Amino acid sequence: MVTVGPLDVEQRRTLKHLTRRAVGRVALRAQMVLLSSRGYPVAQIAAIFEVGEDVVRTWLHRYRQDGPDGLADRPRPGRPPEDRLARQIVAAQMHNSPRANGLVQAGWTVGLLAAFLLARFGLALSRTTVRRHLHACGWRWARPRLDVATHAPAGQRKGDPAAPFKLRRIAGALASAAVVLYLDECELQLLPVIRAAWMKGARARVPTPGQNAKRAIFGALDARTGVLHHLIRPRKRAADFLAFLERLALAYPTGEVVLVLDNVVTHDAKLVRAWLARPEHARFTPLWLPKYAAHEHNPIERCWGLLKDAVAANRLAGSIDSLVAEAGRFLTENRFAAPHPLPTTQPVRLPQAA
């Protein structure tokens, strides 16, 4: 049984001083010693302070061995506690680019930021800790997207001054009774398309073909029915595009048809102009999308993304012919965005890929 014997006047005065002036747990331990000197057993002291009996025994032993100094916390092993302002410092520094701090890098990495904080502020943080603070503050690691430089001189900015006029013409066609087709081409390659995917364990590996092969797909999305007409050809030449126009003429034998096109040279070739100038093709009217921004206003662009996700993402097809067959089946069996009003400033809303 652990007890503290009778205390002299000076010892009792010192302990009472600790109970009134000491910080936190030291005052509590001094009260344990005083109760033990008055004959309280360890079990009763533990019940009073709602701690374990081993805790009471530990501090009674410490007092008997070292006196009042034994009631203080001893240095503990391990890393020193982290600066409580570390997260705020990391978040504040992320808003200042490395170049603003005299570095040559354009953006922060976890390693660069950790080294900078140590050199500039003496704040030693591991990469894991820096990454945890960044995530907690809403930062994420992602690839930026290219965009038009709004601060560039007016002569260097690429834009189409006729964009509002072109978009109004397309909106007028959508409001009319004419068939409106959005045309575009994409390239299908035997080389697999890499997409993000859930995986477990080691990173999945997708085999590549010994020799790549390509096919061109010409497409026309009906803005009202969601039907996508397509033609697969070896290349994207004016003659191939002309063959696709002939296919559209058979699909729409009567009525006015509006062809919404981007500014690819193939779409405005001499062969195409001659085809549109024929009397039997007078019902076909070409409308041009704004330059440098056609992908923002052409809903068929999303169709190509869905196609590649479905048939070419993260897998190697047996041959280019089998890949083309699967692409044709996907485009034939799926209807993209059933009848809907089509805004001229946004792409068609299409079903999300699974």
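For the numbers below, each heavy atom of this structure counts, side chains included, while hydrogens, waters and symmetry mates do not. Since this is a predicted model, take the numbers as computed values, not measurements.
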If I take atom CG from residue Leu34 and atom CZ from residue Arg12, how far apart are they, to the nearest 0.5 angstrom? 6.0 Å
Do Arg57 and Asp54 pass the salt bridge (Lys or Arg N to Asp or Glu O under 4.0 Å) test, and can you show the C-alpha distance, the side-chain angles, and the key distance before you say yes or no? CA-CA 5 Å; Arg57 293 190 185 97; Asp54 57 330; over 6 Å; no
Closest heavy-atom pair, Phe284 versus Leu276, reported as atoms and distance to 0.1 Å, is CB-CD2, 4.0 Å
Would you say CD of Glu280 has more than 12 non-hydrogen atoms from neighbouring residues, nucleotides or ligands within 6.0 angstrom? yes
How close do Lys166 and Asp160 get, counting heavy atoms only, and between which atoms? NZ-OD2, 2.7 Å
So Val55 and Phe49, side chain to side chain contact (heavy atoms under 4.5 Å, CB included) or not? Walk me through it. CA-CA 10 Å; Val55 175; Phe49 294 103; over 6 Å; no
Identify whether Phe244 and Tyr182 are in the same connected component of the hydrophobic contact network (ILVMFWY, side-chain heavy atoms under 4.5 Å). no
From Thr14 OG1 over to Glu10 CD, what is the distance, rounded to the nearest 0.5 angstrom? 4.5 Å
For the residue pair Lys214 and Leu188, establish whether any side-chain heavy-atom pair is separated by less than 4.5 Å. no
Any donor-acceptor N/O pair, Asp8 side chain to Gln11 backbone, under 3.5 Å: yes
Treating Ile, Leu, Val, Met, Phe, Trp and Tyr as nodes and any side-chain heavy-atom pair under 4.5 angstrom as an edge, say whether Met32 and Val4 lie in one connected cluster. yes
Between Tyr252 and His229, is the gap from one ring center to the other below 6.0 Å? yes
Will you find, in the side chains of Glu185 and His230, an N or O donor that is under 3.5 Å from an N or O acceptor? no
Arg237 side, atom CZ; Leu271 side, atom CG - distance, nearest 0.5 Å: 11.0 Å
Find out whether Val33 and Leu71 are in side-chain contact, i.e. whether some heavy atom of one side chain is under 4.5 Å from a heavy atom of the other. yes
Compare all side-chain heavy atoms of Leu245 with those of Leu242 and state whether any distance is below 4.5 angstrom. yes
Do the non-hydrogen side-chain atoms of Leu289 and Ile170 ever get within less than 4.5 Å of each other? yes
Taking the six-membered ring for Trp and the single ring otherwise, decide whether the centroids of Trp139 and His95 are under 6.0 Å apart. yes
Looking at side-chain heavy atoms only, is the closest gap between Arg13 and His17 below 4.5 Å? no
Run the salt-bridge test on Asp73 and Arg29 with the 4.0 Å N-O cut-off and return the result as yes or no. yes
For the atom pair SG (Cys137) and CZ (Arg87), what is the distance rounded to the nearest 0.5 Å? 6.0 Å
Backbone N or O of Ala30 within a donor-acceptor pair of the Thr19 side chain at under 3.5 Å? no
Under a 4.5 Å side-chain heavy-atom rule over Ile, Leu, Val, Met, Phe, Trp and Tyr, are Val180 and Leu261 clustered together? no
Looking only at heavy atoms, the pair that brings Leu228 and Gly219 closest together is CD2-CA, 4.2 Å
Joint cluster assignment, Val51 & Ile48, ILVMFWY side-chain distance < 4.5 Å: yes
Any side-chain donor near an acceptor of the partner, Asp184 and Trp304, under 3.5 Å: yes
Same cluster or not: are Val311 and Ile232 linked, directly or through other Ile, Leu, Val, Met, Phe, Trp or Tyr residues, by side-chain heavy atoms under 4.5 angstrom apart? yes
Of the non-hydrogen atoms in Ala72 and Val26, which two are nearest, and what is the gap between them? CA-CG2, 4.1 Å
Could you give the distance from SG (Cys186) to NZ (Lys308), rounded to the nearest 0.5 Å? 5.0 Å
Do the rings of Phe218 and Phe241 sit parallel, tilted or perpendicular, given the 30° and 60° boundaries? tilted
Return yes if some donor-acceptor pair links the side-chain N/O of Arg38 with the main-chain N/O of Pro6 below 3.5 Å, else return no. no
Take Val90 and Leu113 through the test side chain to side chain contact (heavy atoms under 4.5 Å, CB included) and record every step on the way to the result. CA-CA 8 Å; Val90 170; Leu113 182 58; 4.0 Å; yes
Under the salt bridge (Lys or Arg N to Asp or Glu O under 4.0 Å) definition, can you give me all pairs with a residue in residues 256-277, not counting sequence neighbours? Asp268-Arg273
Looking at Arg195, I'd like to know if its CZ atom is crowded, meaning that more than 12 non-hydrogen atoms belonging to other residues, nucleotides or ligands lie closer than 6.0 Å. yes
With the side chain counted from C-beta on, respond yes when Leu7 and Tyr63 share a heavy-atom pair under 4.5 Å apart, and no when they do not. yes
The side chain to side chain contact (heavy atoms under 4.5 Å, CB included) partner of Leu183 among Val260, Leu221, Val264, Leu248 is Leu248
Can you tell me how far CH2 of Trp59 sits from OG of Ser36, rounded to the nearest 0.5 angstrom? 15.0 Å
Would you please test Asn101 and Gln93 for side chain to side chain contact (heavy atoms under 4.5 Å, CB included) and show each step? CA-CA 10 Å; Asn101 291 278; Gln93 196 57 49; 3.0 Å; yes
In terms of the angle between their ring planes, are Phe116 and Trp108 parallel, tilted or perpendicular, with boundaries placed at 30° and 60°? tilted
If you apply the rule side chain to side chain contact (heavy atoms under 4.5 Å, CB included), what do you find for Leu259 with Trp288, and how did you get there? CA-CA 8 Å; Leu259 306 175; Trp288 302 99; over 6 Å; no
Would you say that Ile320 contacts Val324 through its side chain, given a criterion of any heavy-atom pair below 4.5 Å between the two side chains? yes
I want to check something: taking the side chain as every heavy atom from C-beta on, are Leu167 and Pro290 in contact at a cut-off of under 4.5 Å? yes
The test is salt bridge (Lys or Arg N to Asp or Glu O under 4.0 Å); show your working for Arg329 and Glu326 and say whether it passes. CA-CA 5 Å; Arg329 177 183 173 188; Glu326 292 181 9; over 6 Å; no
Count the heavy atoms belonging to other residues, nucleotides or ligands that lie under 6.0 Å from CZ of Arg278, then report whether that count exceeds 12. yes
Could you tell me which non-hydrogen atom of Gly107 sits nearest to which non-hydrogen atom of Leu112, and how far apart they are? O-CD2, 3.9 Å
For the backbone of Thr225 and the side chain of Asp222, can you confirm whether one donor and one acceptor N or O come within less than 3.5 Å of each other? yes
Compare every heavy atom of Pro207 with every heavy atom of Leu316, then report the nearest pair and how far apart it is. CB-O, 3.6 Å
Arg62 backbone acceptor or donor facing Gln65 side chain under 3.5 Å: no
